[in-house]
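Taking it in order: structure first as structure tokens, then the write-up.
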Amino acid sequence: MTAPHTFALVDCNNFYVSCERLFRPDLRQRPVIVLSNNDGCVVSRSAEAKALGIGMAVPAYQIRHIIERENVVVFSSNYTLYADISSRVMATLESFADAMEIYSIDEAFLDFSSMGAGARGEAFARHIQQTVARHTGIQVSIGIAPTKTLAKLANLAAKKYPATGGVVDLRDPERQHKLLKLVAASDVWNVGRRTSRKLEVTGIETAWQLACADPVQMRKRFSITVSRAVHELNGVSCYELTDVRATRRQVLCSRSFGSPVTNLESLELAVSEYASRAAEKLREEGLLAGVVSVFVRTNQHNSHVPQYSNSATGELLHPTADTRHILERSLALLRAIWKDRYQYVKAGVWLAELQPQASYQHGLFEDAEARSRSQSLMAALDHINRRGEHIWFAAKGAGMDRHMRREHVSPASTTRWADIPKAQAK
DNA sequence: TCTGGGGTCCTAGGACCC
DNA sequence: TCTGGGGTCCTAGGACCC
């Protein structure tokens with residue numbers, strides 16, 4: 001018999017808001033929110049903002065009255081800052097377990113399985129909490145359990161009930177049952193809005209009822225995902241720790257426009273930008289792409305406007321990370337799906353069939369010399385762009401970012417010299 | 001007027017093969 | 001005229017996550 005798993009899910013509290021507050025301690029008791037790109041939706045809220053009834057993912061314009069009446073502090077998202085703080089948090093967490101999976105910018109699963117019983121309980125979790133806070137200023141919540149799904153729920157409880165001090169150890173079955181009866185089925189990991197509505201029809205409303213369901217029946221009536229959720233709620237682990245970076249399947253770069261775009265030239269400009277950025281991401285991770293897709297769409301939220309949405313996919317001649325090849329193919333694909341007389345609000349570029357550059361065997365008819373020249377050119381390009389003196393290929397222009405709304409952005413406090421706060425000398 | 005961006009996994013159905 | 005069955009692979013789209 002194999003030893004039972006122990007997973008810890010560590011999740012940063014109100015992550016983006018917490019990052020902003022690091023440099024604005026004056027905002028500690030104030031309601032603060034962070035908006036998505038284009039200042040579109042709410043993506044992070046302080047406890048005070050949640051208390052005002054501001055929901056997650058709510059469009060900003062719908063809560064304008066609350067913002068004004070309650071004097072809510074609003075930030076545009078500053079991903080450079082958040083990524084930087086995130087990597088500091090993750091570096092700290094890494095030292096506490098043999099294996100770790102970075103699940104998102106503000107969450108990581110730690111594997112406590114191989115650690116001694118004493119070194120994986122509540123006291124150890126509090127030690128992790130304190131260390132992260134001391135190193136980064138960020139508060140985290142920690143849920144401990146025998147499956148990832150239960151660890152997620154433990155984390156939810158740690159956030160929901162202040163008396164826990166942000167740590168819940170859910171290894172004890174009695175405690176599991178108690179919690180499952182308190183939370184809704186829709187709070188379970190991988191049970192989204194769609195599935196929870198269907199579950200309700202069959203009389204399943206709480207996590208406990210879901211846990212009591214027959215996994216074989218759930219597999220038949222719903223999906224393998226729901227059946228796994230049932231197993232995991234019963235302490236049977238279906239999801240192992242995975243190395244996300246090593247298995248990455250796609251690279252996507254897309255953006256909504258600040259205002260609708262009607263002419264091909266503007267779309268070409270946007271797609272060029274996204275293709276360039278996607279190619280850069282490929283190179284950052286040492287990958288090559290075999291396939292590229294381009295998509296465009298009109299505003300699906302506005303029913304008064306003619307709707308059009310389309311995508312096109314094409315193979316690259318050889319697997320490549322060369323901006324020029326990806327750009328050329330992307331623009332050809334865009335022209336194939338572009339139609340006149342529509343108001344476009346979004347476009348994007350996908351790269352797929354990725355493989356590590358290191359293991360790539362080039363084809364018989366491929367020009368090895370050209371490939372080596374391409375790599376040198378791309379390396380030079382990346383070097384210059386990292387210095388902040390952006391250069392680009394002719395098609396790219398000065399970029400669509402000019403059109404993006406970003407009215408409340410904070411300074412790049414930790415990544416740009418000029419923006420680093422200065423200590424006052426007395 | 002104003003509704004994000006970047007991912008993964010699963011499924012159904014079609015093409016194709018023997 | 002009658003017109004199988006089983007398998008694999010691929011793709012588009014859906015559901016979900018943060």
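Since we're looking at a predicted model, the values are computed, not measured. Hydrogens, waters and symmetry mates are skipped; everything else that's a heavy atom, side chains included, is used. Each chain gets a letter, A, B and so on, in the order its sequence line appears, and its residues count up from 1.
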Quickly work out the [X] [atom1] to [N] [atom2] distance and round it to whole Å.
{"X": "Ile224(A)", "N": "dA12(B)", "atom1": "CD1", "atom2": "C1'", "result": "15 Å"}
{"X": "Lys346(A)", "N": "dC2(B)", "atom1": "NZ", "atom2": "P", "result": "16 Å"}
{"X": "Asn37(A)", "N": "dG6(B)", "atom1": "CG", "atom2": "P", "result": "7 Å"}
{"X": "Met218(A)", "N": "dT11(B)", "atom1": "CE", "atom2": "C1'", "result": "18 Å"}
{"X": "Phe222(A)", "N": "dC9(B)", "atom1": "CZ", "atom2": "C1'", "result": "19 Å"}
{"X": "Ile66(A)", "N": "dC2(B)", "atom1": "CD1", "atom2": "P", "result": "20 Å"}
{"X": "Glu232(A)", "N": "dC17(C)", "atom1": "CD", "atom2": "C1'", "result": "15 Å"}
{"X": "Arg194(A)", "N": "dC17(C)", "atom1": "CZ", "atom2": "P", "result": "13 Å"}

Sugar-phosphate only, base, or nothing, as touched by [X] at under 4.0 Å among non-hydrogen atoms:
{"X": "Thr195(A)", "answer": "sugar-phosphate"}
{"X": "Lys198(A)", "answer": "nothing"}
{"X": "Asp106(A)", "answer": "sugar-phosphate"}
{"X": "Arg197(A)", "answer": "nothing"}
{"X": "Glu107(A)", "answer": "sugar-phosphate"}
{"X": "Val251(A)", "answer": "sugar-phosphate"}
{"X": "Val349(A)", "answer": "nothing"}

Any side-chain N or O of [X] under 4.0 Å from OP1/OP2 of [N]?
{"X": "Arg228(A)", "N": "dC10(B)", "value": "yes"}
{"X": "Lys152(A)", "N": "dC18(C)", "value": "yes"}
{"X": "Ser256(A)", "N": "dT3(B)", "value": "no"}
{"X": "Ser254(A)", "N": "dG6(B)", "value": "yes"}
{"X": "Arg193(A)", "N": "dC16(C)", "value": "no"}
{"X": "Arg249(A)", "N": "dG7(B)", "value": "no"}
{"X": "Gln250(A)", "N": "dT8(B)", "value": "yes"}
{"X": "Lys148(A)", "N": "dC17(C)", "value": "no"}

*Considering only NZ, NE, NH1 and NH2 on the basic side and carboxylate oxygens on the acidic side, decide whether Glu107(A) and Lys159(A) come within less than 4.0 Å.*
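Looking at Glu107(A) and Lys159(A), the cut-off is not met.
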
_Taking the ring centre of each residue, are Phe7(A) and Tyr239(A) less than 6.0 Å apart?_
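Not under 6.0 Å, so no.
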
*Compute the ring centroids of Tyr103(A) and Trp189(A), then answer whether they are less than 6.0 Å apart.*
yes

*Opposite nucleotide pairing with dC18(C), Watson-Crick or G-U, both atom distances under 3.5 Å*: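 Matched dC18(C) with dG5(B) under the 3.5 Å cut-off.
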
*asked:* Looking at Gln343(A), I'd like to know if its CD atom is crowded, meaning that more than 12 non-hydrogen atoms belonging to other residues, nucleotides or ligands lie closer than 6.0 Å.
replied: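 No, CD of Gln343(A) has 12 or fewer neighbouring heavy atoms, counting only those of other groups under 6.0 Å.
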
Listed nucleotide nearest any side-chain atom of [X], set [options]:
{"X": "Tyr79(A)", "options": "dG4(B), dC2(B), dT3(B)", "result": "dG4(B)"}
{"X": "His301(A)", "options": "dT11(B), dG4(B), dC18(C)", "result": "dG4(B)"}
{"X": "Trp189(A)", "options": "dG7(B), dC17(C), dA15(C)", "result": "dC17(C)"}
{"X": "Cys253(A)", "options": "dC17(C), dT8(B), dG6(B)", "result": "dG6(B)"}
{"X": "Trp350(A)", "options": "dG4(B), dT11(B), dT8(B)", "result": "dT8(B)"}

*Identify, between Asn302(A) and Arg219(A), the residue whose nearest nucleotide on DNA chain B lies closer to the 5' end.*
Asn302(A)

*asked:* Between Asn299(A) and Leu252(A), which residue's closest nucleotide on DNA chain B lies nearer the 5′ terminus?
replied: Asn299(A)

*Looking only at side chains, do Lys50(A) and Asn14(A) share a donor and an acceptor under 3.5 Å apart?*
yes

*So, Ser141(A) and Asn155(A): side-chain donor and acceptor under 3.5 Å apart, yes or no?*
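No pair is found: no donor N or O on one side chain lies under 3.5 Å from an acceptor on the other.
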
*When you look at Arg277(A) and Glu280(A), which way does the salt bridge (Lys or Arg N to Asp or Glu O under 4.0 Å) test go after all the steps?*
CA-CA 5 Å; Arg277(A) 179 66 197 122; Glu280(A) 255 172 59; 2.9 Å; yes

